[in-house]
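Just the heavy atoms: all of them, side chains too, but no hydrogens, waters or symmetry mates, feed the values below. Sequence lines set the chain letters: A, B, ... in the order given, protein chains first and strands last, and positions in each chain run from 1.
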There are 2 protein chains.
Amino acid sequence: MKSADKKSPTMKNKRPTLQDVADLVGVTKMTVSRFLRNPDQVSVPLQTKIADALEDLGYIPNRAPDILSKSKSHAIGVLLPSLTNQVFAEVIRGIESVVEPAGYQTMLAHYGYSKEAEEARIATLLSYNVDGLIISESYHTERVRKMLAVAGIPVIEIMDSVSPPIEQAIGIDNEAAAYAMTDFMIKRDRKKIVYFAARMDQRTLFKIKGYETAMLDNGLTPLCLKTNSASSFTLGATFLHDALQQQPDTDGIFCTNDDLAIGALYACQKAGIKVPQDISIAGFHGHDISRAMVPLLATVITPREEMGRLAAEHLLSRLQGNPVSQKIIDLPFKIEAGESI
Amino acid sequence: MKSADKKSPTMKNKRPTLQDVADLVGVTKMTVSRFLRNPDQVSVPLQTKIADALEDLGYIPNRAPDILSKSKSHAIGVLLPSLTNQVFAEVIRGIESVVEPAGYQTMLAHYGYSKEAEEARIATLLSYNVDGLIISESYHTERVRKMLAVAGIPVIEIMDSVSPPIEQAIGIDNEAAAYAMTDFMIKRDRKKIVYFAARMDQRTLFKIKGYETAMLDNGLTPLCLKTNSASSFTLGATFLHDALQQQPDTDGIFCTNDDLAIGALYACQKAGIKVPQDISIAGFHGHDISRAMVPLLATVITPREEMGRLAAEHLLSRLQGNPVSQKIIDLPFKIEAGESI
DNA sequence: TATGATAATGTTACCTGTAACAAAACATGG
DNA sequence: CCATGTTTTGTTACAGGTAACATTATCATA
């Protein structure tokens, strides 16, 4: 294994380039490039020699030149407000399940619900020449809209199916879902239902609106406990005590997500409050745990993973040149009564 | 706003380059480049003109040329076996919490526990010139090792602190943790403890070994229920019934993770089996839910998020040129008795 | 053997930002 | 008003693949 080529790659301690491989074989890098994309384009004797050289040097492809010349990276950017929320973990899973088999790479970013950070993250993702973007939330700054317009890549907004999308949105109607669950609880004779809200983002606001409208439509008085911090089991317990203090005859609790609901439910168990006899409790999203626990949690089942999957599928379709097939894809939710109502 | 430049960028419907900005201002792209990196390097009158032009055209930086010429992307690759497992979601969160503020980008990939897919994913991540890698699992193929060696970038392996790492490992001693919990249950007078194992990866094997050793050390007979499918609440319930059939006097159940344990616990509640009076149940990892439920789940608390955070911190440190400070970082676990033992 | 067709390989240019060096513009003091 | 130093701007080259075009080798057939 002689390495008598002029620019010995081992000396530079740099990963070998096509040129290094070509030098070793005694051909042009173009020939090696051809072999990599379509081995039959190269004569049979060269095929084995090139294959050996690639193996010998441990050649690793380099996408940088291609990204530079074509402005296409074969990567898609995924920008979410948070990774703490289990919902987004499931969305990511759905996205990856489509993106990875299609040979695309996922670039992940999050911005902690800050519009300023969102701008910065989008700029960063675009600076890597991502071929497309999946983003969350429906409101975006003018700067973000301009960047996306200038970048000229397909963008899909997820989570919300109501706000007019930049190009295409895939999500659920949060307001309608919250209305439906509230109405369902009212029909089961609950009259003093309190809403627990955390992380006051756009979707939470929609849900609160749905809850309040349903209450008012039925001549009932809404009461909403709010905090801007993230939801958690313990927050659910705290809210329960707050609710009972503010409204001792509370007979129903509807939470902006399952975490709060489960926390509230456990707090009831500890306090000797019977669920659902004394108080009904409902969550939102239908995470695995809510579908397995005792008692089964009443919840609004949302298609988180499917949302990610669909978003990825539509994005890939558009990367193949297809037009936007449907501006808004409104996914169905399902009211699950469980055993806690 | 006249656009009298020769190669009108609007015509090509391509995002503007530094050249486009420079043309608009009437300077060289080098001057614009200087302004972007350090505005003071440019005369005051030009500063405003360039800033305006950048704004006008909606210039978005392009990292591709820099990645090409420096072979540095300011992105780090994160390769995990699965995104389904909640453990990995928490690890990702830990990684992102460090990587993002440091101005690095995360490229996420997963390989579904297939060694072949792992090779492919690593090659892909390297083809994007990631500056460093965080990977999971301790066994890697020769090809993977060679690729990593050739790439010459820092690599950190997470999850396991026992196997000799390629360069640096950050994790826990799964065998010791499983031994400790088993021993703890035995000390609480449990004698017929069954182990529930799913997803038979390396870490699960370590845990089984710890469990079996503890049982044998105490003169007890181990019994392990195994499946290669992913763990879930329902699987925990299924396993419970299998265990009671195979060993009716089972008095303890130790699960390879919390999902299984919670599933088994709920199944006990439904079957009228008292926990922990009739059967003790322990999980592994200590997810939020296990720290909130009723009864509190006994579990081995592992520092998942911290593992990700530390991995990212050490990786960044090495990207700044620091050497590997500690080949293996063995993070502490904690036996939490909860109320289910 | 010449000829045209085809297959195999080579050459050149390009993608965009920036390091490194070069030149021009400007300021200051003698 | 020149010499000198400093600030500001310009020029050139480069990173590593590949598209597009050019050339050379190969082969079958007249």
Side-chain angles (χ1 to χ4, degrees), chain A residues 7 9 12-50 53-54 57-74 123-124 126-129 131 150-152, chain B residues 7 9 12-50 53-54 57 59-74 123-124 126-129 131 150-151:
Chain A
K7 34 173 123 171
K12 310 174 75 175
N13 194 34
K14 248 178 108 251
R15 79 190 210 193
T17 67
L18 276 193
Q19 186 65 59
D20 296 323
V21 178
D23 288 348
L24 190 58
V25 177
V27 293
T28 326
K29 59 179 178 167
M30 194 62 229
T31 305
V32 184
S33 172
R34 286 194 182 100
F35 173 81
L36 286 174
R37 341 200 82 241
N38 183 1
D40 295 335
Q41 263 181 80
V42 165
S43 63
V44 179
L46 268 187
Q47 284 179 23
T48 49
K49 283 173 76 176
I50 293 176
L54 287 166
L57 296 177
Y59 176 77
I60 302 165
N62 185 356
R63 294 205 188 194
D66 217 46
I67 296 174
L68 174 57
S69 56
K70 301 214 187 52
S71 299
K72 294 247 172 297
S73 60
H74 250 227
T124 300
L126 293 177
S127 80
Y128 282 100
N129 293 277
D131 295 356
V150 168
Chain B
K7 35 170 125 174
K12 311 175 73 175
N13 194 32
K14 245 177 110 257
R15 77 191 211 193
T17 68
L18 277 193
Q19 186 65 58
D20 296 323
V21 178
D23 288 348
L24 190 58
V25 177
V27 294
T28 328
K29 58 179 178 167
M30 193 64 227
T31 304
V32 183
S33 172
R34 286 194 183 99
F35 173 81
L36 286 174
R37 342 200 80 242
N38 184 1
D40 295 336
Q41 263 180 81
V42 164
S43 64
V44 179
L46 270 187
Q47 284 178 23
T48 49
K49 283 173 76 177
I50 292 177
L54 287 167
L57 297 177
Y59 176 77
I60 302 165
N62 183 356
R63 294 205 189 194
D66 217 46
I67 296 175
L68 173 58
S69 56
K70 301 216 186 51
S71 299
K72 293 245 172 298
S73 60
H74 251 228
T124 300
L126 293 177
S127 79
Y128 281 100
N129 293 278
D131 295 357
V150 168

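- Atoms CD (B:Gln19) and P (C:dC15) sit 10 Å apart, rounded to a whole Å.
- At the phosphate of C:dG17, OP1 or OP2 sits under 4.0 Å from a side-chain N or O atom of B:Tyr59.
- As judged by a 4.0 angstrom heavy-atom cut-off over every strand, B:Thr17 is placed among residues touching the sugar-phosphate backbone only.
- B:Ile60 CD1 to A:Leu126 CG: the interatomic distance, rounded to the nearest 0.5 Å, is 4.5 Å.
- From A:Ser127, atom OG reaches atom CZ of B:Arg15 across 7.0 Å, with rounding to the nearest 0.5 Å.
- Here the side chain of B:Tyr128 pairs a donor or acceptor atom with the backbone of A:Ser73 at under 3.5 angstrom.
- Rotation axes derived from the C1' atoms of the five outermost pairs at either end of the helix from C:dT1-D:dA30 to C:dG30-D:dC1 lie 50° apart, to the nearest 10°.
- Residue A:Leu46 is classed as a sugar-phosphate contact, given heavy-atom separations below 4.0 Å to backbone atoms only.
- Projected onto DNA chain D by closest heavy-atom contact, B:Thr31 and B:Pro65 fall at different nucleotides, the more 5' of which corresponds to B:Thr31.
- A close approach under 4.0 Å does not occur between any side-chain nitrogen or oxygen of B:Lys72 and OP1 or OP2 of C:dT18.
- A search for salt bridge (Lys or Arg N to Asp or Glu O under 4.0 Å) contacts involving B:Asp131 returns nothing, not counting sequence neighbours.
- Summarising the geometry, the separation between CZ on A:Arg15 and P on D:dG17 is reported as 8 Å, rounded to the nearest angstrom.
- Comparing B:Val42 and A:Leu68 by the nucleotide of DNA chain D whose heavy atom lies nearest to each, the residue mapping closer to the 5' end is B:Val42.
- With A:Gln47 contributing its side chain and A:Val42 its backbone, the two residues share a donor-acceptor pair below 3.5 Å.
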Show each protein N/O and nucleotides 18-22 of chain D N/O combination with a separation under 3.5 Å, one pair to a line.
| unit_1 | atom_1 | unit_2 | atom_2 | d |
| --- | --- | --- | --- | --- |
| D:dT18 | OP1 | A:Arg37 | NE | 3.1 |
| D:dT18 | OP2 | A:Ser33 | OG | 2.4 |

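- Distances shorter than 4.0 Å separate some side-chain N or O of B:Ser43 from OP1 or OP2 on D:dT9.
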